[in-house]
2 protein chains.
Amino acid sequence: MATAHRRKKQPELVRRALLDCAAKLALEQGLAAVTVQAVCEAAGVTKGGLFHHFASKQALIDGVVADILERLDADIAAAMALDPQPRGRFTRAYVTVTFDDLMSDQGRQWTALYISTLTEPSLRRVTAQWFARGLERHRATDDEPILETVRLAADGAWLAFLFRDEGGPLPDLPALRERLVAMTFAG
Amino acid sequence: MATAHRRKKQPELVRRALLDCAAKLALEQGLAAVTVQAVCEAAGVTKGGLFHHFASKQALIDGVVADILERLDADIAAAMALDPQPRGRFTRAYVTVTFDDLMSDQGRQWTALYISTLTEPSLRRVTAQWFARGLERHRATDDEPILETVRLAADGAWLAFLFRDEGGPLPDLPALRERLVAMTFAG
DNA sequence: CCTTAAATACCGACTGTTTGGTATCTTTCA
DNA sequence: TGAAAGATACCAAACAGTCGGTATTTAAGG
């Protein structure tokens, strides 16, 4: 609508809107639908406005991904802080955060967008290194094979979740979550 | 190079080449790189040739996905035929096929392309229903929670595999495979 | 506190390129 | 000869990105 110039200037707010709208578009209509124009329209800004905040379309998309990974890191750290048992702490937090997101009505936004990361080689590196870093940091407490299996299953659940609306088989999430957490305690 | 009219006409072969090249492009450079022109060039055909075989770009992509799912079905059926134990047979075949593909040098083509299916809503339905169908068909032998967990972990492994080249943490595939298969026998 | 000038935020028309797709023509094969 | 296979030339739409301009903040000087 290009009405951002009428209201009080709030650059941070516009920036956020652009990031959020890009994420929403990618989720609902696929990454191909994330055109500069579409993002601008959704955010109520014109192209000039968008390119003022982001040097290129790629920079916008990179920003979206970075945003997601930041939130993920924060959520995982918060979950870990509540866990008294050291062994498998990171894995439990990973499972918890994943399932919390899947089961909440709100967080699904970035969940599916994250998948876009896999298809676009330009984004793969960022996510791959996020994974590597997280794992490296908690190698001392979460390096066992069984814990790795649990994390992979959480990823799988998350993947299956994408199919929920298209007739795909959705696991019983609460039960699965409990099962996976229990596995982190088993020898 | 658009020289397909010189050699002896082999329409089936050209069709295959188009499908394979499209798959390869999607894998190596992302789905966005799968343009009609790029596929034509890679397959040594002009646009006219491509549109003779496929009514639209979407039809081409649908063809690629259908092709992949067909092969998957065949591989799973073959693996199941070799398994004497009924319980968990489908899940074991699923794991086997997945890991065979991950560990082979050849099959990786369609593995990663499959992921593109997740990001494009137009393709999600196809894959979602493939999953639902496979599961439905073997509900009698593979409906237990532990087996579901195993399948999810296989999906996760497959997902992690995409990051292998970008510094992502790649599990010890043979060991993981053995672990997952063993889990299908456990009570 | 008021004026003013620089800097920031945003607009919207425009550009050259690339896109998927079509219409028409030529070659090959049965 | 006639149908299938493919080449060539073309098109309208959509694309990312640019550019000159305007409106709004911010900050400094008086």
Side-chain angles (χ1 to χ4, degrees), chain A residues 1-26 28-65 116 119-123, chain B residues 1-26 28-65 116 119-123:
Chain A
M1 292 222 190
T3 54
H5 66 293
R6 293 186 187 282
R7 63 168 179 260
K8 196 171 182 180
K9 305 238 171 185
Q10 293 166 312
E12 293 305 321
L13 211 135
V14 169
R15 206 189 138 88
R16 271 248 64 83
L18 287 168
L19 288 172
D20 290 346
C21 290
K24 192 175 183 184
L25 275 170
E28 292 176 354
Q29 305 182 50
L31 200 70
V34 183
T35 68
V36 170
Q37 191 143 346
V39 174
C40 292
E41 273 176 33
V45 175
T46 57
K47 285 211 232 181
L50 186 148
F51 282 109
H52 173 73
H53 287 282
F54 299 94
S56 67
K57 181 190 175 183
Q58 190 62 44
L60 167 68
I61 294 181
D62 290 349
V64 173
V65 173
S116 300
T119 58
E120 290 311 302
S122 65
L123 298 177
Chain B
M1 285 254 185
T3 56
H5 65 293
R6 293 187 188 281
R7 64 166 178 261
K8 195 171 181 180
K9 303 235 171 185
Q10 292 167 311
E12 292 306 319
L13 212 136
V14 170
R15 205 189 138 89
R16 271 249 65 83
L18 287 167
L19 288 171
D20 290 346
C21 289
K24 192 174 181 183
L25 273 169
E28 293 176 353
Q29 304 181 50
L31 200 71
V34 184
T35 70
V36 170
Q37 191 145 344
V39 174
C40 292
E41 275 177 32
V45 175
T46 56
K47 285 212 242 183
L50 186 148
F51 280 109
H52 174 72
H53 286 284
F54 299 93
S56 67
K57 181 191 176 183
Q58 191 62 44
L60 167 68
I61 293 181
D62 290 348
V64 172
V65 173
S116 300
T119 57
E120 291 311 302
S122 65
L123 298 177

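To find a chain, count down the sequence lines: A is the first, B the second, and so on, and within it residues start at 1.
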request  = Give, ordered by number, those residues of residues 30-37 of chain B having at least one heavy-atom distance below 4.0 Å to an atom of DNA chain D; if nothing qualifies, reply none.
outcome  =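 Residues of residues 30-37 of chain B under 4.0 Å from DNA chain D: none.
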Among all residues two or more places apart in sequence or in another chain, which pass the side chain to side chain contact (heavy atoms under 4.5 Å, CB included) test with [X]?
{"X": "B:Gln58", "value": "B:Ser56, B:Asp62, B:Ser122, B:Leu123"}
{"X": "A:Ala38", "value": "A:Leu25, A:Thr35"}
{"X": "A:His53", "value": "A:Pro11, A:Val14, A:Arg15, A:Leu18"}

In whole Å, what is the span from the [atom1] atom of [X] to the [atom2] atom of [N]?
{"X": "A:Glu41", "N": "C:dG12", "atom1": "CD", "atom2": "P", "result": "12 Å"}
{"X": "B:Leu18", "N": "D:dA5", "atom1": "CG", "atom2": "C1'", "result": "12 Å"}
{"X": "B:Glu12", "N": "C:dC29", "atom1": "CD", "atom2": "P", "result": "16 Å"}
{"X": "B:Gln58", "N": "C:dG21", "atom1": "CD", "atom2": "C1'", "result": "14 Å"}
{"X": "A:Phe54", "N": "C:dT8", "atom1": "CZ", "atom2": "C1'", "result": "16 Å"}
{"X": "A:Leu60", "N": "D:dG17", "atom1": "CG", "atom2": "C1'", "result": "14 Å"}
{"X": "A:Lys57", "N": "C:dT18", "atom1": "NZ", "atom2": "C1'", "result": "13 Å"}

message = Of the options C:dG21, C:dC10, D:dA7, whose atoms approach the side-chain atoms of B:Thr46 most closely?
response =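 Among the listed nucleotides, the one closest to the side chain of B:Thr46 is D:dA7.
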inquiry  = Of the options C:dG20, C:dA9, D:dG17, whose atoms approach the side-chain atoms of B:Lys47 most closely?
reply    =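 Nearest to the side-chain atoms of B:Lys47, counting from C-beta on, is C:dG20.
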request  = Determine: side-chain N/O of B:His53 to OP1/OP2 of D:dG6, distance under 4.0 Å, yes or no.
outcome  =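 Yes.
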key: Where A:Val36 and A:Phe51 come nearest, the two heavy atoms and their spacing   =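 It is CG1-CE1, 3.7 Å.
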ask   = Can you name the nearest heavy-atom pair linking A:Gly63 to A:Leu19, along with the distance?
value =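 Residues A:Gly63 and A:Leu19, closest heavy atoms: C-CD2, 3.6 Å.
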inquiry  = What's the separation between atom CD1 in A:Ile61 and atom CD in A:Glu120, rounded to the nearest 0.5 Å?
reply    =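 Spacing of CD1 (A:Ile61) from CD (A:Glu120) equals 7.5 Å.
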request  = Tell me, with the steps shown, if A:Cys40 and A:Leu50 meet side chain to side chain contact (heavy atoms under 4.5 Å, CB included).
outcome  = CA-CA 7 Å; A:Cys40 292; A:Leu50 186 148; 3.6 Å; yes
task = Would you mind telling me which residue lines up with the more 5' stretch of DNA chain D, A:Phe51 or B:Leu50, judged by nearest nucleotide?
result =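 Nearest-nucleotide comparison on DNA chain D picks B:Leu50.
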query = Starting at the 5' end of DNA chain C and moving along, which residue's nearest nucleotide shows up first, A:Gly48 or A:His52?
reply =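 Whichever sits nearer the 5' end wins; that is A:His52.
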